[in-house]
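Within every chain, numbering begins at 1; the chains are lettered A, B, ... in the order of the sequence lines, protein sequences first and strands thereafter. These numbers come from the heavy atoms of this one structure, side chains and all, not from hydrogens, waters or symmetry mates.
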Number of protein chains: 2
Amino acid sequence: MISNKCKYAIKALTYIARNDDGTKAVMTSDIAQEQDIPRKFLEIILRDLRNNRILESKRGKDGGFRLLRPAEDISLTEIMRIIDGPIAMLPCVSLNYYRSCDDCDEKECEVKGVFEQVRDRTLEVLNGKTIKSLTLD
Amino acid sequence: MISNKCKYAIKALTYIARNDDGTKAVMTSDIAQEQDIPRKFLEIILRDLRNNRILESKRGKDGGFRLLRPAEDISLTEIMRIIDGPIAMLPCVSLNYYRSCDDCDEKECEVKGVFEQVRDRTLEVLNGKTIKSLTLD
DNA sequence: TAATAATCCTATCTATTTGATAGTATTTAT
DNA sequence: ATAAATACTATCAAATAGATAGGATTATTA
């Protein structure tokens, strides 16, 4: 399962992508209201995305958030990794968050192969999806 | 990520499948030792699997556990659902643990479609894997 | 039939993660 | 100056993960 936080992040980003008309940044409070996300929680999420160079922010009056890159260059995998961490089902098959298993020898691990396949299938779908393509669905 | 508990369950089942020679049941303590799983934790897992009709148990001396069905009839998905619950990444796309989302309208949800695809790809892999096929890998 | 060896059951515990809220500081437009 | 926005720090409650402890029950066998 992905976390609520991650789902909020995706919804917030698609909202920003749809509502940035080029004149002014998109405000936290608008996103929170329209997408039904707790405001203070959303602040944390947006700051996270900013710190990871997905968003840029502007403070003060008429402040808000903008995508730092075109929506078609932001993949779902990138967002999910920032917010939730690994996508793989086992640490030892994670591409971005690899950790060895304490309790088994990877060379003869029975389950590793299966979960590598799951990972690859999952990434085939998720890598192909961007904030842009989500807004078109 | 799948839980440690679930990984333990899979390893325990493959161990039982490999070591049941038809004469006597496989003991918790043997599994725990060979597969490096905390004994008391493993007890809980095996009882769970028994309650869900994956294993049968025999008490007392020479007691232990056996697969209730042939290893080729026990899929990974079944085990994962018993131990960890839903396999899907969103409650609203889960086949076995469906729950509606509080915060969005499913008809126009942007992410639902993607995670249905992920679910289907994942199940393609996991449904094809059984305790039997894992022991052959 | 007593001893032994196994599962069964209930309760408990600690650490981490999840999902959030509160309050204040800082920045910016007017 | 003032209003309105983000930035930051701290805190909190509930759920989940990952176990551990101790005794009850059942079955074998010497």
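- Using a 4.0 Å cut-off between charged nitrogen and carboxylate oxygen, R121(A) and E116(A) do not count as a salt-bridge pair.
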Inset, instruction - Under 3.5 Å for both distances, Watson-Crick or G-U wobble, that's the pair rule; now give the dot-bracket for DNA chain D, with | marking pairs to another strand and [ ] for crossing ones. - result: ||||||||||||||||||||||||||||||
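- In this structure, M27(A) is not a member of the same hydrophobic cluster as L46(A), with clusters built from ILVMFWY side-chain heavy atoms closer than 4.5 Å.
- Nearest-nucleotide positions on DNA chain C for G63(B) and I44(B) put G63(B) closer to the 5' end.
- Of the residues in residues 19-36 of chain B, those lying under 4.0 Å from DNA chain C by heavy-atom distance are M27(B), T28(B).
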Any protein N or O atoms within reach of nucleotides 13-19 of chain C? Criterion: under 3.5 Å, listing atom names and distances.
from    : atom 1 : to    : atom 2 : distance (Å)
dG19(C) : OP2    : N4(A) : N      : 3.3

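- Close approach of DNA chain D to chain A, defined as any atom under 4.0 Å from a non-hydrogen atom of the protein, starts and stops at dA4(D) to dT9(D).
- From I74(A), atom CD1 reaches atom NZ of K129(A) across 16.0 Å, with rounding to the nearest 0.5 Å.
- Note that OG of S57(B) and CG of N51(B) are 8.5 Å apart. Values are rounded to the nearest 0.5 Å.
- Using a 4.5 Å heavy-atom cutoff, the side chains of K7(B) and C101(A) are in contact.
- The CD atom of E78(B) sits 10.5 Å away from the CD1 atom of I87(B) when rounded to the nearest 0.5 Å.
- With rounding to the nearest 0.5 Å, the separation of CD1 in I10(B) from CD in Q35(B) is 11.5 Å.
- Taken from CD1 in I54(A) to CD1 in I16(A), the straight-line distance is 11.0 Å, to the nearest 0.5 Å.
- Defined by atom type and a distance below 3.5 Å, a donor-acceptor pair is missing between the side-chain atoms of N127(A) and S75(A).
- Using modelled atom types, one side-chain atom of R119(B) and one backbone atom of V93(B) make a donor-acceptor pair closer than 3.5 Å.
- Looking only at side-chain heavy atoms (C-beta outward), K5(B) and D48(B) come within less than 4.5 Å of each other.
- Residue E110(B) is tested with K132(A), K11(A), R18(A) for a salt bridge (Lys or Arg N to Asp or Glu O under 4.0 Å); the sole match is R18(A).
- Annotation: Q33(B), atom CD; neighbour count of heavy atoms from other residues, nucleotides and ligands within 6.0 Å does not exceed 12.
- Counted within 6.0 Å of CZ on R69(A), heavy atoms from surrounding residues, nucleotides or ligands total more than 12; the atom is thus considered enclosed.
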Legend entry - Contact state string [nucleotides 24-30 of chain C, B base, S sugar-phosphate only, - no protein heavy atom under 4.0 Å]: --BBBS-
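- Note on R47(B) versus E43(B): no salt bridge recorded, every NZ/NE/NH1/NH2 to OD/OE distance being 4.0 Å or above.
- If you run side chain to side chain contact (heavy atoms under 4.5 Å, CB included) between L67(A) and each of L49(A), D73(A), L55(A), only L55(A) comes through.
- Near-neighbour residues of DNA chain C inside residues 46-56 of chain B, defined by a heavy atom below 4.0 Å, number-ordered: R47(B), R50(B).
- Separating the CD1 atom in I31(A) from the OH atom in Y8(A) is a distance of 14.0 Å, to the nearest 0.5 Å.
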